[in-house]
Amino acid sequence: MDFILEAAVRAVKTLFATDISAESLSLQQTRKEFEGDITIVVFPLTKFSQKPPEQTGTVLGEFLVNEVEAIESFNVIKGFLNLSLKNSYWINVFYQTINQPDFGSFPSNGKKVMVEYSSPNTNKPLHLGHVRNNLLGYSVAEILKANGYEVIKANLVNDRGIHICKSMIAWEKFGNGETPESSGLKGDHLVGKYYVIFDKEYKKQIEALKNQGETEEQAKKNAPLIKEAQEMLQKWEQGDEHVIALWKKMNCWVYAGFEETYKKLGVDFDQYYYESNTYLSGKDIVEEGLEKGVFFKKADGSVWIDLTAEGLDEKLVLRADGTSVYITQDLGTAQLKYNQYHADKAINVVGNEQDYHFKVLFLILKKLGRSWAEGLYHLSYGMVDLPSGKMKSREGTVVDADDLIAEMEATAKGQTDILGKATDFPEEEKQNLYHIIGMGALKYFLLKVEPKKRLLFDPNESVDFQGHTGPFIQYTYARIRSVLNKGGFKSDTVFMPVKTVSAVEKDLIIQLEQFPAFLTEAAINYSPAVIANYVYELAKLYNKFYHEESILKAEEEMVKGFRLQLSYVAANSIKKAMQMLGIEVPERM
RNA sequence: GCGCCCAUAGCUCAGCUGGAUAGAGCAACGGUUUUCUAAACCGUCGGUCUCAGGUUCGAAUCCUGAUGGGCGUACCA
């Protein structure tokens, strides 16, 4: 649309003798209820024209119709100049830009970005909150790829610490040697089971101590179980053979379980980091900060940074005993990642309860003079809430990821059966279809919402399969594939170009033409929701077209060819957009 | 206390750097299938955009304040 802007700038210069920039003009799509394709808001120009908005719009419209070949006509309503572009213009857009093999992705921009997501703790299985994280991270990575970035997907596994020691202690004490094999439990669930047992027994001990007259605080500190866990953590740090062996064994179970869940979710990683390897790093950065005077040491030996000038607080970066805190590690891993990849951007997909942490982290790196800190971004997302409130692992109110996936598949099967859709499909295709549709519904449900907003999930109400949903879009795709097959469409067939298009066809072309702009917007905002809402509009519009125009029984061969091509391009764009959301589309459903 | 985020239809959400009468889906009600897949299409119903000021020709959008909700403010991660 740059040519219209440019002509409008010329018009203002010629008619009103004023130089304006193209940015000062706003072009928008004409609203449905008015005639036209593109609208220029003329209010801002009245101060140059010294005329009322209607007159200003009219002279501008006349100038543009005469000067710009593509503009067919115009009308002015209040301060809005609506321009209608010629059919031939839109047809040209279709053949020249939309109907091209690489439409819907950008060539390499030579830049590298790391997206860190998932980053689970190894003491319990994944739940719905993790699912949102995984889907967001994967999707953002795909969106950036489509925008021309080279992407490294990273997973920083929190495999050490007091939490895993809790599971280990509980397993040793109450496990009787139970293994995933002996129990038939998935490894992560088995370990999670002992995490819950630890908490239960721990609470019992606290109660007992309180009955003996200790305060809540004392009891929490003095309960034998927590002491044992702390001792175990120390032994782990000292490299105690027995503890390390147990730790390795249980972590292996968890990894096997996670792998399974990741596979079902369809997410993957190029690079794993383990905190057991990185938890000591960052201390050298603390040294450096002290030397540079960015940090200061208190009398007890602890190291701090004063961020009060920035409106934040004083923040501890190293404990008095010289051990790391969370942010120490993160300083180290940020540096480690940069040293390894020299990425232009690095994104951390982490929940919004850590907003403050990342604010501080990035600020510290900037103060230390890391130029690459400018490219760091915390993709913060809201919690997933249940109608009853927040999910709590220990209270058993979490929605387990594996259970949820299984339920989604079951619902997909139920829906498919009710509609009698896949009755003649081979068994394998059926199973695959249930998975694709079930995951499509779930993923779309989670991704269509702006990341920073919190999300409400009601386990008692199944995720919809109709309307603004993943399956609706998948269905649209399958339907197109079906028409293309019936029409014997081949992507390399050459068709005679059409001379004219109908209103819906034009709308479809306009919608398709905007795909790259939405792609860019999604990347700038790190927002899969932008893609999700775009592809929904596209699918909706296609269904309207499908309903209004006959494709295979078009009045002319030329028109049939065009409609097939239009359908093909729509299908490709839907597929590409859905891929960016990590959602598969079935060939039939 | 201080800081950050959120508030749009009964419910779940869109609404781009301010622009026309604020849009979808679900739910409710009605219609469309001898025609390319009805997980679809079309229509009806539904709004003081939390409230109060301000900026502007124009505010759901920007600014200030208030209210309600969430999160953070650990020598936890």
Side-chain angles (χ1 to χ4, degrees), chain A residues 23 26 28 30-34 39 41-44 46-47 53 77-80 82 119 121 158 161-163 275 279 298 300-304 311-313 315-327 329-330 351-357 359 380 382-383 385 389-390 412 415-416 418-419 421 437 441 445 448-450 452-458 461 464-476 478-487 517-518 521 524-525 529-530 532-533 536-537 539-540 542-544 546-554 563-564 567 588-589:
Chain A
E23 291 79 50
S26 76
Q28 51 188 279
T30 306
R31 296 178 63 121
K32 268 182 276 177
E33 54 268 42
F34 303 103
T39 295
V41 183
V42 299
F43 290 108
T46 52
K47 58 173 175 261
I77 296 168
K78 293 201 254 174
F80 299 89
N82 302 319
S119 303
N121 290 344
N158 189 357
I162 194 75
H163 51 84
E275 288 199 3
Y279 81 105
K298 288 196 176 172
D300 63 0
S302 57
V303 181
W304 298 73
L312 307 174
D313 303 311
K315 181 87 184 168
L316 177 91
V317 293
L318 196 70
R319 289 196 188 100
D321 64 6
T323 58
S324 301
V325 288
Y326 181 40
I327 202 151
Q329 282 181 54
D330 267 11
N352 64 6
E353 73 272 20
Q354 293 192 31
D355 285 356
Y356 185 74
H357 170 76
K359 210 178 203 178
S380 164
M383 297 290 102
D385 289 323
K390 218 181 153 177
Q415 289 287 315
T416 308
I418 289 168
L419 295 168
K421 287 284 187 181
I437 295 175
F445 177 79
K448 75 169 179 187
V449 181
E450 229 16 79
K452 74 173 168 188
K453 297 210 178 173
R454 26 195 307 200
L455 201 58
L456 185 73
F457 181 87
D458 189 345
E461 230 173 277
D464 277 332
F465 284 64
Q466 268 144 25
H468 190 181
T469 67
F472 167 83
I473 299 163
Q474 291 172 319
Y475 172 72
T476 308
R479 217 183 197 187
I480 300 176
R481 295 305 308 172
S482 170
V483 190
L484 292 176
N485 285 335
K486 286 207 169 133
F518 277 94
E521 195 195 325
I524 289 171
N525 298 317
V530 169
N533 288 305
Y536 169 64
E537 290 299 328
K540 211 164 52 154
Y542 183 86
N543 278 316
K544 192 182 159 118
Y546 181 92
H547 194 258
E548 283 183 19
E549 314 281 10
S550 181
I551 298 164
L552 300 179
K553 289 181 185 158
R563 288 182 182 160
L564 283 169
S567 298
R588 53 178 188 161
M589 69 184 269

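Labels below follow one simple rule: chain letters A, B, ... track the order of the sequence lines, proteins then strands, and each chain is numbered from 1. From a predicted model like this one, the values you see are computed outputs, not experimental measurements.
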Name the pairs: protein N/O against N/O of nucleotides 14-16 of chain B, kept only if under 3.5 Å.
| residue | atom | partner | partner atom | Å |
| --- | --- | --- | --- | --- |
| B/A14 | OP1 | A/Glu450 | N | 2.8 |
| B/A14 | OP2 | A/Lys453 | NZ | 3.1 |

Just the table, please: protein N/O against nucleotides 24-30 of chain B N/O, every pair under 3.5 Å.
| residue | atom | partner | partner atom | Å |
| --- | --- | --- | --- | --- |
| B/A24 | O2' | A/Tyr536 | OH | 2.9 |
| B/G25 | O2' | A/His468 | N | 3.1 |

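Listed nucleotides: B/C36, B/G3, B/C13. Nearest to the side chain of A/Lys359: B/G3. Of the candidate nucleotides B/C42, B/A40, B/A39, B/A39 has the atom lying nearest to any side-chain atom of A/Met589.
In terms of phosphate contacts, A/Arg479 brings a side-chain nitrogen or oxygen within less than 4.0 Å of OP1 or OP2 of B/A38.
In this view, A/Tyr542 and A/Phe545 satisfy the ring-ring contact (aromatic ring centres under 6.0 Å, His included) rule, not counting sequence neighbours. In this structure, the ring-ring contact (aromatic ring centres under 6.0 Å, His included) partners of A/Phe80, at least two apart in sequence or on a different chain, are A/Phe43. With sequence neighbours excluded, no residue satisfies ring-ring contact (aromatic ring centres under 6.0 Å, His included) with A/Phe465. Partners of A/Glu461 under the side chain to side chain donor-acceptor pair (under 3.5 Å) rule, at least two apart in sequence or in another chain, do not exist in this structure. Scored by the ring-ring contact (aromatic ring centres under 6.0 Å, His included) test, A/His357 finds A/Tyr326 as partners (sequence neighbours excluded). Not counting sequence neighbours, A/Asp464 has no partner by the side chain to side chain donor-acceptor pair (under 3.5 Å) test. Not a single side chain to side chain donor-acceptor pair (under 3.5 Å) links A/Thr469 to another residue, sequence neighbours left out.
Between the side chain of A/Thr476 and the base of B/A39, no donor-acceptor pair of N or O atoms lies under 3.5 Å.
Taking atom P in both B/C2 and B/C13, one finds a spacing of 30 Å when rounded to whole Å. Taking atom P in both B/U44 and B/G3, the straight-line distance is 48 Å, to the nearest Å.
Salt-bridge annotation for A/Glu450 and A/Lys452: absent, with no side-chain N of the basic residue lying under 4.0 Å from a carboxylate O of the acidic one.
Separation of atoms CG (A/Leu316) and NZ (A/Lys298) is listed at 8.5 Å; rounding is to 0.5 Å.
Under a cutoff of 6.0 Å and an axis angle of 45°, A/Lys315 and A/Trp304 do not form a cation-pi pair.
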Here RNA chain B, pairs taken as Watson-Crick or G-U under 3.5 Å and shown with ( ), [ ] when crossing and | when to another strand, reads (((((((..((((.....[...)))).(((((.......))))).....(((((..]....))))))))))))....

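Using a 4.0 Å heavy-atom cutoff across all strands shown, A/Glu461 reaches no nucleic acid atom at all.
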Reading nucleotides 67-77 of chain B from 5' to 3' and marking B where a protein heavy atom lies under 4.0 Å of the base, S where only the sugar-phosphate is that close, and - otherwise, the string is --SSSSS-BSB

Per-nt protein contacts along nucleotides 57-63 of chain B (heavy atom under 4.0 Å; B base, S backbone sugar-phosphate only, - none) come out as B------

* Asked: How far apart are the C-alpha atoms of A/Arg588 and A/Asn485, what are their side-chain angles, what is the distance that settles it, and do they pass the side chain to side chain donor-acceptor pair (under 3.5 Å) test?
  -> CA-CA 11 Å; A/Arg588 53 178 188 161; A/Asn485 285 335; over 6 Å; no

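For A/Lys47, the NZ atom counts as loosely surrounded, since its 6.0 Å shell holds 12 or fewer non-hydrogen atoms of other residues, nucleotides or ligands.
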